[in-house]
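Step one of this worksheet: look at the structure below.
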Amino acid sequence: MLCPLHGPIWRENIGYFVDKYDKWSRYEAEDDTILIIYGSLYGHTESAANIVASRLAEAGQKNIAMYDASVTHPSYLLSEAFRCRRIVILSSTYNAEVYTPVKIFIDEMKSHNLQNRVFAVAENGTWAPTAGKQMREMLAFNNNVICDTTLTIKSALNESQKDSVDKFVNEILNK
Ligand SMILES: Cc1cc2nc3c(=O)[nH]c(=O)nc-3n(C[C@H](O)[C@H](O)[C@H](O)COP(=O)(O)O)c2cc1C
C-alpha cells in the first residue's frame, strides 16, 4: 500500500505508481510529447498555437498536447508539464504583462520546483508585445533551457512570418 502525503492511497498497480514517483522525483519527463500552452484573448494567439502545432507535426513530431490556459484548470497544465520535456508557451500581452492564466501556469511550475525542461515562448501584442521578455525572465528558474528564438506576433501571424515560424519550430525540435 502507498500512502502519499498529498494524495489518495494506492492499493493496486503499485509498480505503475512507483515508476511515476521515481520520474517525478527526478523531474524526468514521462514521454516525448511536446506540450503547447496558450493564452489568447480574441483567438489570434490560439490560431498561432495551431500553426505551430501543425508545423511540428509536419516536421515529424508524433505526440503533441495543446491546452487553452483560459479554460483548463492549472492543475491539469501542471501535470502535463511534469509529463513533457519540451513546453511551448504562447501568450497575449495583457496590460503590459503576461496574460493572467499563463502567468498562473508559470507560477505553478516554479512553485512545484519543476526542473530540466526546454521552453519556447511566443508573444502577441497589438501595440507593445512585452509578454515574451517577461516569460523568459519568469522561466529562468532551476536549470531550464529557454530557446533563443522568441516568436513575436503583432495581433495576428501573417504570411511574411513563415520563416520566423520555421525557425521557432526547428529550434524546439532540435533541443
Ligand atoms: C485588456 C487588454 C489589455 C491588453 N494589453 C495589451 C498590451 O499591454 N500590449 C499590447 O501590445 N497588446 C495588448 N492587448 C492586445 C492583446 O495582446 C491582443 O488581444 C492580442 O495581441 C491579439 O491576440 P489574441 O487574439 O490572441 O487576443 C490587450 C488586450 C486587452 C483586451
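All figures in this text were calculated on a predicted structure; none of them were measured in a lab.
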Original post:
For residues 109-133, which residue pairs qualify under salt bridge (charged side-chain N to carboxylate O under 4.0 Å, His left out), counting only residues two or more places apart or in two chains?
Top reply: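 Pairs touching residues 109-133 that pass the test: Lys133-Glu137.
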Original post:
Taking only residues at least two apart or on different chains, which pairs with a member in residues 32-59 satisfy salt bridge (charged side-chain N to carboxylate O under 4.0 Å, His left out)?
Top reply: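 Checked against salt bridge (charged side-chain N to carboxylate O under 4.0 Å, His left out) - neighbours excluded - the pairs reaching residues 32-59 are Asp32-Arg86, Arg55-Glu58, Arg55-Asp166.
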Original post:
By side chain to side chain donor-acceptor pair (under 3.5 Å), which residues pair with Asn174, not counting sequence neighbours?
Top reply: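 Residues passing side chain to side chain donor-acceptor pair (under 3.5 Å) with Asn174: none at all.
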Original post:
Is a side-chain donor-acceptor pair under 3.5 Å present for Ser40 with Ser92?
Top reply: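 Not at all, the side chains of Ser92 and Ser40 share no donor-acceptor pair under 3.5 Å.
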Original post:
Do Asn143 and Asn116 have a side chain donor and acceptor closer than 3.5 Å?
Top reply: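 Yes, Asn116 and Asn143 have a side-chain donor paired with an acceptor closer than 3.5 Å.
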Measuring from atom [atom1] of [X] to atom [atom2] of [Y], what distance do you get when rounded to the nearest 0.5 angstrom?
| X | Y | atom1 | atom2 | result |
| --- | --- | --- | --- | --- |
| Met109 | Ile87 | CE | CD1 | 5.5 Å |
| Thr152 | Gln161 | OG1 | CD | 8.0 Å |
| Leu77 | Ile89 | CG | CD1 | 10.0 Å |

Original post:
Thinking salt bridges, do Glu30 and Lys20 make one under a 4.0 Å N-O criterion?
Top reply: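 Yes, Glu30 and Lys20 are salt-bridged.
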Original post:
Does Glu171 come within less than 4.0 Å of Lys167, counting only side-chain N to carboxylate O?
Top reply: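 Result for this pair is no, no salt bridge flagged.
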Original post:
Taking only residues at least two apart or on different chains, which pairs with a member in residues 86-118 satisfy ring pair (Phe, Tyr, Trp, His ring centres under 6.0 Å)?
Top reply: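 Every ring pair (Phe, Tyr, Trp, His ring centres under 6.0 Å) pair that includes a residue of residues 86-118, provided the two are not neighbours, is Tyr94-Tyr99.
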**OP:** Scan residues 117-148 for pairs that pass ring pair (Phe, Tyr, Trp, His ring centres under 6.0 Å), counting only residues two or more places apart or in two chains.
**Re:**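 Sorted result for residues 117-148: empty, none.
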Donor-acceptor contact present, side-chain [X] to main-chain [Y], <3.5 Å:
| X | Y | answer |
| --- | --- | --- |
| Asn124 | Ser91 | no |
| Thr93 | Thr130 | yes |
| Ser79 | Tyr76 | yes |
| Asn95 | Glu97 | no |

**OP:** Report yes or no: do Leu78 and Ile104 belong to one cluster of Ile/Leu/Val/Met/Phe/Trp/Tyr joined by side chain heavy-atom distances under 4.5 Å?
**Re:**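 They do not share one cluster, since no chain of ILVMFWY contacts under 4.5 Å joins Leu78 to Ile104.
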Original post:
For the hydrophobic clusters of this structure (ILVMFWY residues joined by side-chain heavy atoms under 4.5 Å, transitively), does one cluster hold both Tyr16 and Leu2?
Top reply: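 Same hydrophobic cluster.
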Subject >> ILVMFWY cluster membership beyond Leu56 - transitive side-chain contacts under 4.5 angstrom >> reply: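 Ile34, Ile36, Tyr38, Ile51, Val52, Ile64, Met66, Val88, Leu90, Leu151, Ile153, Leu157, Val165, Phe168, Val169, Ile172, Leu173, which link up through side-chain heavy atoms under 4.5 Å apart, make up the rest of the cluster.
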Original post:
Which hydrophobic side chains are connected to Val118, either touching it within the sub-4.5 Å cutoff or through other members that do?
Top reply: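 Its cluster partners, ordered by chain and number, are Val145.
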Subject >> salt bridge (Lys or Arg N to Asp or Glu O under 4.0 Å) against Arg136, all qualifying residues, sequence neighbours excluded >> reply: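 Arg136: no salt bridge (Lys or Arg N to Asp or Glu O under 4.0 Å) contacts found.
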Original post:
For Asp163, which residues count as a salt bridge (Lys or Arg N to Asp or Glu O under 4.0 Å) partner, sequence neighbours excluded?
Top reply: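 Residues passing salt bridge (Lys or Arg N to Asp or Glu O under 4.0 Å) with Asp163: none at all.
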Original post:
Can you name the residues that form a ring-ring contact (aromatic ring centres under 6.0 Å, His included) with Tyr21, not counting sequence neighbours?
Top reply: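 Per chain and number, Tyr21 pairs via ring-ring contact (aromatic ring centres under 6.0 Å, His included) with Trp24.
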Original post:
Who pairs with Phe17 by ring-ring contact (aromatic ring centres under 6.0 Å, His included), at least two apart in sequence or on another chain?
Top reply: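 Phe17: ring-ring contact (aromatic ring centres under 6.0 Å, His included) contacts with Trp10.
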**OP:** Using side-chain contact (heavy atoms from CB on, under 4.5 Å) as the criterion, list what pairs up with Asn113, not counting sequence neighbours.
**Re:**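 Only Tyr27, Gln115, Asn142 meet the side-chain contact (heavy atoms from CB on, under 4.5 Å) criterion with Asn113.
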